[in-house]
Amino acid sequence: MSYARVLCVGLVGVTGHLVEVEADLAAGLPAVMLTGLPDAALNEARDRVRAAIVNSGQEWPNRRITVNLLPADLHKHGSSFDLAIATALLTGAGSLPAGPLREVVLLGELGLDGTVRPVRGVLPMVAAAVRAGATRVIVPVENACEATVVPGVTVRAVDTLRRLVEFVRGQEPLLDPLPAAPPPPPPRLDLADVAGQPMGRLGLEVAAAGGHHLALFGPPGAGKTMLAERLPSILPELDDTAALEVTALQSIAGVLPPGSHLVRRPPFQAPHHSASLASLIGGGSGLARPGAMSLAHRGVLFLDEVSEMSGRTLQALREPLETGQVVLARLHGTTEYPARVQLVVAANPCPCASPAGDQHCTCSPHARRRYRAKLSGPLLDRIDMRITLRPMRAADLVPVDDPATPSAVVAAKVSQARKVAEERWAAHGWQVNAEAPGPVLRKPPWQLPPKDTTDLRRALDLGLLSARGFDRVLRLAWTLADLDGRSRPERADISEAIQLRMGESHEWAE
């Protein structure tokens with residue numbers, strides 16, 4: 001037999017495509033031709049596969065070898081095709097029977113000694129294989145636990161090419177997946193550690209309950225970073241769908257620890273203020289990889305010292321915040337990654353950042369305006385709440401009584417509010433109030449009576465709010481009502497939502 005075919009999977013973003021690896025061995029000068037739009041890493045598979053086959057005790061077929069990856073018009077990248085290519089070559093050369101691996105998906109990178117090494121993106125690859133009708137997969141032993149997350153597929157693991165060869169010949173079984181590693185311990189950060197700042201704590205609670213974006217402004221030491229870092233501690237665990245999405249993204253990025261199961265805790269990403277556009281949004285040569293914004297999908301993206309970040313980098317956040325996904329167009333194609341995040345930004349009020357606040361500020365009015373202008377109006381308009389934290393006082397740091405509420409208590413309240421919102425929007429498929437479109441909130445049956453929206457309409461007519469801000473205030477009001485156990489927002493909820501939305505950026509009165 002001079003022809004063989006085995007199955008593998010190629011990834012484009014988070015979308016997997018079943019790939020047929022064909023091997024044809026013909027008479028002629030010994031050579032290996034690889035076709036089907038391979039990238040540089042895949043082109044180098046010829047040398048890896050040859051060394052792995054020889055060092056596994058198998059004979060290299062000295063013939064003219066053509067390896068084709070179907071569909072031929074789909075760009076293939078990465079080293080996950082190595083194991084499939086080696087198996088197709090040995091089967092085409094007659095060293096292995098074709099029957100045991102028929103309709104079996106093979107994934108894995110080969111070392112020169114024949115070791116099968118782990119690869120990125122096994123979870124979305126296996127999910128794609130199942131959607132295409134495959135029921136059996138063979139993966140590297142380090143990726144086996146990750147692959148078992150996908151239902152409806154039989155997963156077997158392999159550590160060397162020699163073991164796979166002996167399995168096909170009926171001489172030795174494959175390995176079973178290793179037990180999943182224990183879940184990580186719950187976060188140690190607790191809201192009880194935050195001294196004072198009742199408005200900041202309220203903003204954090206509302207953000208967690210409704211999925212809203214949050215901006216925190218204030219002098220150094222006021223607690224901006226402490227509050228943001230504790231937001232994940234009051235968020236509920238991810239459901240199965242969200243956990244699969246988050247785990248798949250971490251697998252593609254190569255940050256999923258070996259032996260990990262589903263990621264249940266909402267992710268938290270806090271890139272440095274000098275982070276590049278590609279590291280934040282995603283990028284790289286060929287098909288782009290996910291950035292911090294996609295790795296924070298279904299979790300929190302925290303940008304500290306946001307006024308020190310590049311304006312070009314910040315402007316790139318605008319579209320993903322609206323659409324919930326990042327679309328990266330490159331020469332070799334377009335890659336899409338989900339990016340439905342809760343954005344939290346923190347900044348000092350001015351360059352001098354006096355701990356006492358505005359009372360001892362040494363900056364000129366022009367310097368203050370220029371510093372604040374780095375967070376542009378269009379981006380700030382997409383942030384639901386803007387809260388200014390006051391300088392800390394001694395009474396806040398050493399309270400006599402009334403201890404701060406711990407995260408566990410706030411998390412229970414947030415969870416209940418989220419359940420109410422999910423039941424309300426279940427028919428539309430939305431889970432939190434922040435996902436409800438403005439036109440839906442402005443029409444029956446969710447339209448609020450004019451007597452309750454008087455202040456909101458006045459703020460819009462005076463130019464204190466944009467149309468986008470109008471809708472975001474409505475969403476905030478619904479969240480405030482959910483937290484207080486009311487079925488619909490009242491005028492007091494609207495007024496409080498306006499205060500959370502506008503912060504101290506404008507002064508307005510009835």
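In this structure, Thr454 OG1 and Asp452 CG are separated by 7.5 Å, a value rounded to the nearest 0.5 Å.
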Hey, can you pull the donor-acceptor pairs under 3.5 Å for the side chains in residues 213-232, sequence neighbours left out?
| unit_1 | atom_1 | unit_2 | atom_2 | d |
| --- | --- | --- | --- | --- |
| His213 | ND1 | Leu343 | N | 3.0 |
| Lys224 | NZ | Gly218 | O | 3.0 |
| Lys224 | NZ | Pro219 | O | 3.1 |
| Lys224 | NZ | Asn348 | OD1 | 3.4 |
| Thr225 | OG1 | Asp304 | OD2 | 2.8 |
| Arg230 | NE | Asp190 | O | 2.8 |
| Arg230 | NH1 | Met226 | O | 3.1 |
| Arg230 | NH2 | Asp193 | OD2 | 3.4 |

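For residues 236-246, every residue pair satisfying the side chain to side chain donor-acceptor pair (under 3.5 Å) rule, not counting sequence neighbours, is listed here: Asp239-Gln431, Asp240-Arg264, Glu245-His297, Glu245-Arg298.
Listed for the Arg486 side chain is no donor-acceptor partner under 3.5 Å among the backbone atoms of Asp482. Remark: side-chain polar atoms of Thr334 are not paired, donor with acceptor, to backbone N or O of Ala329 under 3.5 angstrom. Within the 3.5 Å criterion, the main-chain N or O of Ala275 finds no donor-acceptor partner in the side chain of Ser279.
In terms of the side chain to side chain contact (heavy atoms under 4.5 Å, CB included) criterion, residue partners of Ala41 (sequence neighbours excluded) are, by chain and number, Asp39.
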Requested in this report: Could you give me the CA-CA distance, side-chain angles and deciding distance for Glu109 and Ser80, then say whether side chain to side chain contact (heavy atoms under 4.5 Å, CB included) is met?
Outcome: CA-CA 5 Å; Glu109 175 186 326; Ser80 58; over 6 Å; no
Requested in this report: Run the numbers on Asp493 and Trp478 for side chain to side chain donor-acceptor pair (under 3.5 Å), then give the verdict.
Outcome: CA-CA 8 Å; Asp493 297 314; Trp478 279 99; over 6 Å; no
Requested in this report: Just do the side chain to side chain donor-acceptor pair (under 3.5 Å) check on Thr247 and Glu146 with the steps written out, would you?
Outcome: CA-CA 9 Å; Thr247 308; Glu146 173 186 346; over 6 Å; no
Requested in this report: Starting from the C-alpha separation in whole Å, work towards a yes-or-no answer on side chain to side chain donor-acceptor pair (under 3.5 Å) for Ser364 and His366.
Outcome: CA-CA 5 Å; Ser364 66; His366 175 69; over 6 Å; no
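In this structure the side chain of Thr335 never reaches within 4.5 angstrom of the side chain of Thr15, judged on heavy atoms.
Side chains of Gln315 and Arg312: no donor on one and acceptor on the other come within 3.5 Å.
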